[in-house]
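Just so we're on the same page: letters track the sequence lines, and every chain starts at 1. We use all heavy atoms of the structure for the numbers below, so side chains are in, but hydrogens, waters and symmetry mates are not.
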Amino acid sequence: MTDSTLSTRYDPKQVEQKWYTRWEQNGLFAPRGEGEPYCITIPPPNVTGSLHMGHALCYSVQDVLGRWMRMQGRQVLILPGMDHAGIATHKVVEAQLKTEGLNRFDMGREAFVERVWQWKEESGGTILRQFKRLGFAFDWSRERFTMDAAYHDAVLDVFIDWFQRGLIYRGKRVVNWDPGLRTSVSDIEMHDEVRHGKLYHVRYPFEDGSGSITIATTRPETMLADVAVAVNPKDARYVGLVGKKVILPLVRCAIPLIADEYPDPEFGTGAVKITPAHDPNDFLVGQRMGLDFNDPKQVPVCIGEDGRIHFPGSPYDGLDRFEARKRIVADLEAEGYLEKVEDYDIPLKISDRSGQVIEPLLSEQWFCSMHSLAAPAIEAVRSKKIKFTPERYSDVYLRWMEDIRDWCLSRQLWWGHRIPIYYDDECKPIAAKSEADAMAIAGGPVTQDPDVLDTWFSSALWPFATLGWPEKTDDLAKFYPSNVLVTARDIIYLWVARMIMDGLDRVDEIPFHDVYIYATVLTEDGKRMSKSLGTGLDPLEYIDSFGADAMRFALLIQTGHNQEIRFGEKRIEEARNFCNKIWNASRFALMHLNGEAPSKIAPERLEDKWILSRMSFCGATVEAALREYNMMEACKALLDFFWSEFCDWYIELAKHRLESGEAAPRAIIRNILDRFCKWAHPFMPHITEEIWHMLPGVDPDAFLDYSDWPVGGERDESAESEMARNQEIVRAIRSLRQDAGITPKQTLPLLFASGDNFDAEIVRSQTWFGNIDRSTPEGASVGTVAEGVEFKLPLAGLIDKGKELARLDREEEKISRDLDSTLRRLNNPEFTHRAKPEVVQRDRQTAADLQEKLAKLAERRDQIKALP
RNA sequence: GGGCGAAUAGCUCAGUUGGCAGAGCGCCUCCCUUACAAGGAGGAUGUCGGGGGUUCAAGUCCCUCUUCGCCCACCA
């Protein structure tokens, strides 16, 4: 019995390493066979560092699905890769440079990009190691990066196509400018924040000397670029004044007082200064005024890309925008223009990328017109061609899509896909795949646009560019559309929506059938996990101390259709304990299997039939849960079955049968371990592979991923209910023993039973009695009634009369309460008439049982009282 | 302002079509019973956030309110 030498504690470290190496060496992760293809192109993590808990969950779910499908004979491709993550990576490397006293502008574009590639190798390597430690069976041979040469080609292809179709256009707009990173960012790359500030009331005198009009502003520094003052045409206070000119204080030039719908008469003074270059709303007013945004005289810009005042000749030139505000306010006050200052909570846009206050800034950018791309993508979700799980997210998606805005594509960065636009000597843009192509078209020298594309432009092609598109590859034909996208809810707009639009537009087919949005992993006390807050947890640390299987299971058992999960060390300890339980139960089983692999399962006793039925139920539950992407339910089914049913009952019942050499429990236990290993394998791949291979009869060269997925579902209802009765009885008698102060170790010779509607062997062995006698004991005894059978144990001399009576009281009280509520229902004719007959029948039975129990309790009370 | 989610045992959370409230952890008692003390047996614990309504019957369905989290929009 070599197996008994196995440690009583499961050691994940060596087991996990051993199997991962073997899986890789045997090429398990690439698609195999001729089964129906199943594909997931994993969300490529950013090469900005290392993976966190959210990643661990995200990819664990995908690994579960992949392994589950593989076991069902599908041809599975889980395609991994990483994202160059333009701004995010750019920022990481810029921060590194800063610590070295360098910056990208001194380095130059080429050297900087080279430096980022170095970082990409480093971060990518870390991430890959983490993936492998978590045990993911992804096809590393097909690993892709969003800046691979072929991928870049796909990006150019889409851009040029859309440019030629007029979907991509260049324009001067007020964009969200991040002065820290010196680039534009999109609408969805920033968040709102309210900060304490001031609302300044500034007097703008009329040119004709007839007094002044007062405007309210939170940003006096932008007045340098004011082009007008606007009032609402319905605002009675200003009727007749519109058309006058006002003098812009400090700048001392004349600007018009205009009427526009935009000012809200209720706010401030009802008069607004209009600065089209530094405010999106003012920009719209400027458009309505018919301004030429290319003419700096008509639309001046007073803040530069670095967030400093750019107003040559003024004393403010070169000042930081916040410093300039102070100076300008001071000057306005000194010159008597400042009417009043109020405290005011200013709603601001903060860049998600740098944390800087977004500066709305007029600049020339590339945009993508979204409406025509969105229409089919809306239809695909509305018609349920693409299904979201949980379903509520399809509404989130649709609402955003129906109100979609044009997308600012260009970023003033160096890390990313450079925009394939070349300008000829007349500054006419030409879209081309290379400089040579562009020159051929231009017939002369060209200059490439310096900007790069928003990183999501390339991410949007992920489901097909990774499969070789625009080439017509075998992979593309076989694996597109992929089956499911597993992702976080915060990138539904950024990524999911765009993949759907791109897929439908460029490949003419949805990119995936299902979208599963998993829960956000929070800390134990409900905080967002974040490195900067110090609340981030590193999965690798937990894997080191608890094992990858425990790590995965701990996350998966909390992941259903919920929106968030709280994760702490407690949860992973529980999962580790489960691994240990699996290990020890298997150890026990192996000690008794004697290396035999009994082929035929012959259920002989009630518990055999029961456990086989429960096993079947477990498999069916796991499968149904997986179909609905409900990891929690699947994990719970596995845990409950294995621990509470198989270990706590079946193994306990099987012990003495194994001792006496019975074949049936051996065969059944082996069968259960085999199936359990299979059903649990997607969730806990290493420990299940290890145990499965220890089972006698398992081909040492086989792997669970390519074994089979047993079908569950056949139930033996009568065995289940009969077993449940016996379990009830066992629990009642154990409780009785405990109450009587008898420890399990004290095996009592005799238990007396009043009937025989129970399985004597189950009850006797599980309540630790030598024998059961179907008569009434003489002398003092304690007893209990369970499932209509009365059990007594003789306790002459041991019984504490007072205690026993108190116990009977408690029991009686509880039964009476139950009986009362049941009778109340039954005595209500409305209930008996209207409720479903089976419900009424069940209640009648319950009432009868309770009454009988009560009678027996009364009888017992008399007996006890009669004792000396 | 609009939308989504959450509120159930001390904590973290399950609760499928309405039919007598569950698990894990924690707590109490007992047990190192030859697979496992990272374990076993037993036990205590609930105005299911508040208030209405529908129903014979509501944690579950409807209305409403409160608190928390998230998303979207707007704001001089």
In the strands shown, is B/U29 matched to any nucleotide by a Watson-Crick or G-U wobble pair with both distances under 3.5 Å, and which?
B/A41

Mind checking A/Tyr493 for me? I need base, sugar-phosphate or nothing, with any heavy atom below 4.0 Å counting as a touch.
sugar-phosphate

Side-chain donor/acceptor of A/Glu574 to base of B/A23, under 3.5 Å
no

Looking only at the side chain of A/Leu199 (C-beta and beyond, no hydrogens), which of the listed nucleotides B/C56, B/A76, B/A41 gets closest?
B/A76

Can you find a donor-acceptor N/O pair under 3.5 angstrom joining the side chain of A/Arg734 to the base of B/A41?
no

Side-chain atoms of A/Ala216 come closest, of B/A76, B/A35, B/C74, to B/A76

Could you check, using the six-membered ring where one of them is a Trp, whether A/Phe553 and A/Phe578 have ring centers closer than 6.0 angstrom?
yes

Out of B/A76, B/G42, B/A35, which nucleotide sits closest to the side chain of A/Gln738?
B/G42

Which one is paired to B/G24, where only Watson-Crick or G-U wobble pairs with both distances under 3.5 angstrom count?
B/C11

Look at the side chain of A/Arg528 and decide which nucleotide, out of B/C71, B/G42, B/A35, has an atom nearest to it.
B/C71

Looking only at B/U12, B/C56, B/C13, the nucleotide nearest the A/Glu830 side chain is B/C56

Using the P atoms only, state how far B/G50 lies from B/G59, rounded to an integer number of Å.
11 Å

Considering every strand shown, what is the Watson-Crick or G-U wobble mate of B/C56 when both distances are under 3.5 Å?
B/G19

Assert yes or no for the condition that the ring centre distance of A/Tyr393 to A/Phe388 is strictly below 6.0 Å.
no

Winner on side-chain proximity to A/Arg842, out of B/G19, B/G42, B/A76, is B/G19

Salt bridge (Lys or Arg N to Asp or Glu O under 4.0 Å) partners for A/Glu573, two or more places apart:
none

At under 4.0 Å, does any side-chain N or O of A/Lys655 touch on OP1 or OP2 of B/A35?
yes

What I want to find out is whether A/Lys13 reaches A/Asp11 closely enough, with some N-O distance under 4.0 Å, to be called a salt bridge.
no

